[in-house]
Amino acid sequence: MELIDRYLQAVKFWLPSEQKQDIVAELSADIHSQIDERESALGRKLSDDDVEQILKQRGRPLLVAEKYLPQKSLIGPVLFPAYRFVLKLALLCYLVPWAGVWIALVVLNPSYRANHLGIAAIRDAYILWFNTITESERPELAVQQMESAPVASRPRCAQCLAFRLGGRIGIWDLLRRVVAETSLDDDRVRHRRRQNRSVIRVA
Amino acid sequence: MEIGNEADALLENLRLELRRGCLVLAVLAQLRTEQYGYTLRKALEEHGLAIDEGTLYPLLRRLESQGLLVSEWRAEDKRNKRFYKISRDGKLVLKQLLTEWQGIGVSLDEILKESVHGTH
């Protein structure tokens, strides 16, 4: 019984509010009729497994409810070929040149590489994964590595995290610094870099 | 046996499409006597037109909203059941659909006879 109620509840979730009581009542009557028939055929009360079988046979609640709903698509079948064409056009004329320019800049322009957040994020993630998670003496190693690496190439977030894991700065300091250092404004970053070369100061 | 499966799938699709076209007619005709969903399904199954309830119940709702069926909730064996019956409009539509159905049958017969003669 409880299983049936939960099933019906799940179906009800997807139904439009005006009709859901009605539809679910009908479904409930149908399920119970089926159970009655099965019971009289087998000559015994149905176990939970049997009821589960019956419900599984009907299908998932979402699929059951979906049949009662009008067929709607975001991009209708009539318009779909046009949509696909425009999508192809957009990919070709926008994403491909954009990606090409980005790759060229990243490869050829070192300052772009240093300042651009996308690269920094990927580099940070890489260093974070390999330097701070994979090995157990990680924190000390990572801190050492950071300290020995040239300042300009130190990734900021990874650095912060390494210092945190090494126990050198508190968590709130860490958060404050990460927020402060991760700047979306390239000018500000360049200015700060020019001002003080070491982005992280160990307290 | 991929080719076999593809052919089977195609055949199954076409069969379903054919049956789907006849479903409304079958349901309207069967509901000349009053029934509720479960017995209707059983009756159709006995006559060789098995429909699963996921298709049948939405169809019944749609036909009712279109005015071809009337339904009422009634208690039978301590259970509330929804009984469907064909309405007056439904009877008219059924008659027209039957005429259409027989017309299609005749056309198909002619086409089949023609092609048989063609091969001879």
Side-chain angles (χ1 to χ4, degrees), chain A residues 1-43 45-46 50-73 77, chain B residues 12-13 16-17 19-24 26-28 30-31 33-47 49-87 90:
Chain A
M1 260 343 118
E2 194 207 315
L3 194 59
I4 300 175
D5 286 332
R6 274 166 37 205
Y7 183 82
L8 291 174
Q9 205 53 32
V11 174
K12 204 194 265 200
F13 177 77
W14 298 104
L15 294 174
S17 47
E18 320 87 53
Q19 308 169 25
K20 62 166 111 169
Q21 272 310 117
D22 210 28
I23 295 176
V24 163
E26 199 169 6
L27 262 180
S28 164
D30 192 59
I31 292 176
H32 285 111
S33 300
Q34 196 176 358
I35 290 180
D36 285 341
E37 195 195 353
R38 189 69 75 83
E39 277 179 353
S40 59
L42 291 174
K45 267 220 151 305
L46 285 189
D50 294 324
V51 174
E52 197 181 315
Q53 268 307 104
I54 290 181
L55 290 180
K56 274 201 179 144
Q57 200 187 3
R58 282 182 173 256
R60 301 172 63 191
L62 172 56
L63 299 178
V64 169
E66 176 252 333
K67 299 230 172 81
Y68 287 95
L69 300 169
Q71 293 290 349
K72 283 203 174 131
S73 331
Chain B
E12 192 60 32
N13 261 340
L16 276 175
E17 223 177 279
R19 287 158 80 96
R20 211 181 307 144
C22 316
L23 216 51
V24 174
V27 163
L28 283 178
Q30 187 70 35
L31 284 175
T33 58
E34 188 180 55
Q35 297 183 18
Y36 67 98
Y38 197 66
T39 52
L40 174 62
R41 189 151 58 95
K42 286 282 155 194
L44 286 172
E45 209 175 306
E46 273 169 35
H47 293 304
L49 273 178
I51 319 175
D52 65 80
E53 60 272 341
T55 326
L56 182 62
Y57 283 103
L59 176 64
L60 289 173
R61 296 199 138 253
R62 215 169 50 236
L63 291 177
E64 189 187 354
S65 72
Q66 290 166 343
L68 304 176
L69 298 176
V70 286
S71 79
E72 67 173 346
W73 280 98
R74 241 186 292 141
E76 187 191 275
D77 300 336
K78 287 173 289 167
R79 284 253 166 75
N80 262 339
K81 295 182 181 145
R82 194 171 188 177
F83 282 83
Y84 288 94
K85 196 167 65 162
I86 194 168
S87 69

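Here is how names work: the chains are called A, B, and so on, in the same order as the sequence lines, proteins then strands, and each is numbered from 1.
- Looking at A:I23, both its backbone and its side chain come within 4.5 Å of chain B, counting heavy atoms on both sides.
- Shortest non-hydrogen contact noted between A:E26 and B:Y57 is OE2-CD2, 3.2 Å.
- Looking at B:R62, there are no atoms closer than 4.5 Å to chain A (heavy atoms on both sides), in backbone or side chain.
- Counting heavy-atom pairs closer than 4.5 Å to chain B, the top-ranked of the candidates A:L63, A:L69, A:L27, A:D22 is A:D22.
- The distance from atom CG of A:D30 to atom NZ of B:K81, rounded to the nearest 0.5 Å, is 10.5 Å.
- Heavy-atom neighbours of B:E12 CD from other residues, nucleotides or ligands within 6.0 Å: above the threshold of 12.
- Between B:E53 and A:V64 the shortest side-chain heavy-atom distance does not fall below 4.5 Å.
- Side chains of B:D52 and A:R58 form no contact here, defined as non-hydrogen atoms less than 4.5 Å apart.
- Taking a 6.0 Å sphere around CZ of A:R60, one finds it holds 12 or fewer heavy atoms contributed by other residues, nucleotides or ligands.
- Rounded to the nearest 0.5 Å, atoms CD (A:Q34) and NZ (B:K42) are 7.5 Å apart.
- In this structure, OG1 in B:T39 is found 10.5 Å from CD in A:E37, a value given to the nearest 0.5 Å.
- In this structure, A:Q21 places its CD atom where only 12 or fewer heavy-atom neighbours from other residues, nucleotides or ligands lie under 6.0 Å away.
- Within the 4.5 Å cutoff, the side chain of B:Y38 has no heavy atoms near those of the A:I31 side chain.
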